[in-house]
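Report on one structure; see the data block that follows.
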Number of protein chains: 2
Amino acid sequence: MRKQDITIYDVAREAKVSMATVSRVVNGNTNVRKDTRERVMKVINRLHYQPNAVAQGLASKRTTTVGLIVPDLTNLYFAELSKGIDDIALLYKYNIIITSIENRLMREDQAIQGLLNKQVDGVIYMSDNLPEEAIEAFKRTDTPVVLAGTKDSHSEFPSVAIDYQKADTEALNLLYNDGRRNLALVLGNPDTVVSAENRIPAYKKFMADHGLGEGHIYTNIKDHSDGYNLLSQLEQDGIDGVIVSRDVTAVGILNSAIDAGKKVPEDLEIITANATQIASVVRPALTAIRQPLYDIGAVAMRMLTKLMNNEEVPEKQIELSYEILKKQSTTNE
Amino acid sequence: MRKQDITIYDVAREAKVSMATVSRVVNGNTNVRKDTRERVMKVINRLHYQPNAVAQGLASKRTTTVGLIVPDLTNLYFAELSKGIDDIALLYKYNIIITSIENRLMREDQAIQGLLNKQVDGVIYMSDNLPEEAIEAFKRTDTPVVLAGTKDSHSEFPSVAIDYQKADTEALNLLYNDGRRNLALVLGNPDTVVSAENRIPAYKKFMADHGLGEGHIYTNIKDHSDGYNLLSQLEQDGIDGVIVSRDVTAVGILNSAIDAGKKVPEDLEIITANATQIASVVRPALTAIRQPLYDIGAVAMRMLTKLMNNEEVPEKQIELSYEILKKQSTTNE
DNA sequence: AGAATAGTTGTAAACGTTTGCAATTTATGA
DNA sequence: TCATAAATTGCAAACGTTTACAACTATTCT
């Protein structure tokens with residue numbers, strides 16, 4: 001194995017300085033005389049010396065690595081968040097260890113612990129649900145954590161997200177103004193913070209405020225086929241306008257409606273609460289709450305860099321602005 | 001900071017053994033007497049000792065970390081590959097450092113070097129193009145590399161993919177049998193190994209074999225809007241059947257056709273060569289070459305685990321079988 | 001019982017850096 | 001020119017493990 005054949009010692013010897021000086025040159029420490037620096041640099045280049053990040057991590061207790069916890073890599077919602085994170089991470093020279101936590105052989109707290117054992121300098125957590133076990137795991141450590149695209153119940157953790165209640169209310173209002181009165185809410189997991197403490201209360205309040213009765217909340221509708229199969233139930237319940245938490249699910253409902261010979265938006269208006277690429281490529285294109293996913297990821301990562309440097313972070317609960325993107329799945333006045 | 005307050009020393013002291021013994025217990029070494037093991041385990045649990053993976057990595061020269069090089073996280077093609085990789089990585093207890101290399105501030109070889117400096121035990125490379133600089137970077141090291149969903153020109157690197165030539169030929173044949181004669185090929189980057197050495201030759205051969213003339217190859221058509229805008233050109237060239245390398249691009253063509261009042265498949269048949277979720281949720285659903293993306297990722301990662309353990313790997317160029325999934329964008333006989 | 005062997009444990013040297021501190025060199029000021 | 005301060009360098013101790021190797025203990029065999 002010649003995995004790491006040349007070390008800081010080799011450079012030191014060749015450049016006739018101590019390893020401490022080489023270390024200073026490598027780390028851009030200013031306390032090195034110009035010609036010494038140049039001599040060392042020359043040797044570094046000649047030998048193609050590259051510092052061993054593991055040894056650096058052990059000695060300095062900083063690994064320049066952050067952990068990303070994500071439910072599902074193939075969900076574009078998380079992929080777009082990740083892209084924002086990744087770009088900022090690159091900018092600040094952090095690497096990313098990604099851990100997905102859905103359908104796992106490993107419990108979530110074990111996954112987190114594994115990340116912490118790798119001595120990541122910080123963690124970004126993206127699941128829309130932060131279970132107690134995860135909270136406990138995080139609390140056992142000093143490693144800073146930022147939530148991206150989600151919130152926790154007690155605002156214990158810094159987070160970057162949007163105002164879900166406001167967004168949902170605005171979306172419901174759009175349907176209402178289109179004359180729809182039988183409004184439904186379609187959710188995946190109803191027990192997440194976003195569902196339980198934001199979307200559901202907003203929906204209930206809206207229905208009550210407008211005298212629309214109890215309404216209908218459908219839960220555990222998680223993917224395209226769940227959405228597809230839900231349509232008959234929606235018909236049965238006389239739903240004419242629906243907010244769907246995930247866009248693939250919304251597309252399932254949409255396709256089901258089309259296949260059943262129904263017209264969207266005439267017979268059913270659909271708004272998705274999480275717009276990814278998919279929402280815009282289907283036809284009719286889905287009206288959506290457009291969360292600035294890339295920005296959420298980028299801002300979260302930027303905040304994390306500050307926390308990792310013990311810099312001051314005045315505002316720890318950041319809400320970015322969203323947009324209601326009117327497309328073809330709602331009436332165009 | 002109490003990041004890692006208890007070390008193997010603390011456990012050793014409490015359990016009245018040497019750190020070597022604790023290390024053996026932690027690593028499941030069998031050369032420890034049963035009651036000693038239990039005593040140590042008890043202390044480990046009481047103190048919540050967790051080994052520091054960085055120190056382990058330095059001492060053992062194995063980091064149980066693999067690097068993933070991917071062009072774009074938000075491209076479902078790579079996300080689905082990654083999922084297969086991730087699942088097998090979890091099974092074998094590897095963590096994944098993910099590095100995306102498109103539109104970067106960093107050159108590709110620097111990204112690779114960064115991964116190697118972190119002492120990853122292996123690398124999976126997923127871009128459909130392996131530039132010379134990347135090859136050089138890999139050759140400077142002993143770290144094993146496996147290509148997933150792509151191949152290199154000289155088969156220097158182990159790879160897991162499908163037979164692109166055969167798949168494309170079969171797809172072209174499907175169009176031909178549907179009576180289409182003005183067949184086109186729509187590509188992103190034409191200079192990748194997959195394009196230049198597989199898809200284009202297969203296309204040219206097919207056209208020649210069937211006396212269909214030169215044909216039309218459209219290049220640098222990379223996303224939905226590129227596809228959308230390409231339609232007029234396709235019309236102008238009288239194309240009636242097209243193979244599209246990426247499915248979002250295919251959807252762009254499809255949507256453009258629909259918006260222009262054309263009928264798919266009647267006026268234009270479309271086959272995508274890379275089916276992700278998107279190909280199946282649009283309407284009409286796209287006929288596709290379905291690559292077993294998850295499996296490609298999983299097999300690639302499994303092969304990598306063997307290489308990392310210096311196990312025998314008899315077959316280093318693996319081709320998995322694909323499937324032509326007939327949907328609504330080609331004629332249903 | 002004693003020798004040979006197998007099983008268990010400890011000692012200490014790596015692994016490749018960073019970094020506080022001391023030592024040395026150079027610059028500054030009177 | 002010499003004392004003093006500032007800048008530069010080196011020394012050596014961390015960082016928290018793993019792992020030869022040696023040393024010791026328990027077991028087996030004759």
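Because only heavy atoms are used, hydrogens play no part in the values below, and waters and symmetry mates are left out as well, while side chains stay in. The sequence lines fix the lettering, A, B, ..., with proteins before strands; numbering per chain opens at 1.
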Item to complete: Specify the separation, in whole Å, of atom CZ of R62(A) and atom P of dT19(C).
Response: 10 Å
Worksheet item: Contact class for T21(A) vs. all strands (heavy atom < 4.0 Å): base, sugar-phosphate, or nothing?
Response: sugar-phosphate
Discussion item. With nearest nucleotide decided by heavy atoms, which residue, M19(B) or A55(B), maps closer to the 5′ end of DNA chain C?
Written reply: M19(B)
Discussion item. Expressed as a whole number of angstroms, how long is the span from I8(B):CD1 to dG16(D):P?
Written reply: 11 Å
Fill in: Criterion side-chain hydrogen bond (donor to acceptor under 3.5 Å, both in side chains) against S159(A), the qualifying member of K151(A), E319(A), Q317(A)
Q317(A)
Item to complete: Provide, to the nearest angstrom, the distance between the CD atom belonging to E38(A) and the C1' atom belonging to dT8(D).
Response: 15 Å
Discussion item. Strictly below 4.0 Å: does N27(A) bring a side-chain N or O up to OP1 or OP2 of dT18(C)?
Written reply: yes
Fill in: CG on D86(B) to CG on L91(B), rounded to 0.5 Å
11.0 Å
Worksheet item: Can you check the N31(A) CG to dA23(C) P distance for me, whole Å?
Response: 19 Å
Item to complete: Check the distance between dT17(D)'s P and D5(B)'s CG and give it to me in whole angstrom.
Response: 11 Å
Worksheet item: For S60(B), which contact category applies under a 4.0 Å heavy-atom criterion: base, sugar-phosphate, or nothing?
Response: sugar-phosphate
Discussion item. If I take atom CD1 in residue I6(B) and atom C1' in nucleotide dT17(D), what distance separates them, rounded to the nearest angstrom?
Written reply: 14 Å
Worksheet item: Would one find a side-chain N or O of T36(B) under 4.0 angstrom from OP1 or OP2 of dT9(C)?
Response: yes
Worksheet item: Taking only N and O in the side chain of K61(A), is any of them less than 4.0 Å away from OP1 or OP2 of dG16(D)?
Response: yes
Worksheet entry | Gap between atoms OH and C1', on Y49(B) and dT17(D) respectively (whole Å) | 7 Å
Worksheet entry | Distance in angstrom units between N117(B) CG and dG16(C) P, rounded | 13 Å
Discussion item. For a quick check under 3.5 Å, do Y294(A) and D87(A) share a side-chain donor-acceptor pair by atom type?
Written reply: yes
Worksheet, complete the sentence: Which of dT19(D), dT17(D), dT17(C) is nearest the side chain of A20(B)? It is dT19(D)
Worksheet item: Can a side chain N or O of N52(A) be found less than 4.0 Å away from OP1 or OP2 on dC15(C)?
Response: no
Worksheet item: So does Y9(B) get a side-chain nitrogen or oxygen closer than 4.0 Å to the phosphate oxygens (OP1/OP2) of dG10(C)?
Response: no
Worksheet entry | Touch class at under 4.0 angstrom, heavy-atom based, for V17(B) against every strand present | sugar-phosphate
Item to complete: Please determine if K34(B) and E38(B) form a salt bridge, counting it only when a charged side-chain N lies under 4.0 Å from a carboxylate O.
Response: yes
Worksheet entry | N/O (side chain, S23(B)) to phosphate O (OP1/OP2, dT17(D)) under 4.0 Å | no
Worksheet entry | Donor-acceptor side-chain pairing of S127(B) and N129(B) below 3.5 angstrom | no
Under 3.5 Å, which donor-acceptor pairs link side chains of residues 14-21 of chain B to any protein atom two or more places apart or in another chain?
residue, atom, partner, partner atom, Å
E14(B), OE1, R46(B), NH2, 3.1
S18(B), OG, A20(B), N, 3.3
S18(B), OG, T21(B), N, 3.4

Worksheet item: Starting at the 5' end of DNA chain C, which residue's closest nucleotide do you reach first, R33(B) or Q56(A)?
Response: R33(B)
Worksheet item: Looking only at side-chain N and O atoms, does S18(B) come under 4.0 Å of OP1 or OP2 in dG10(C)?
Response: yes
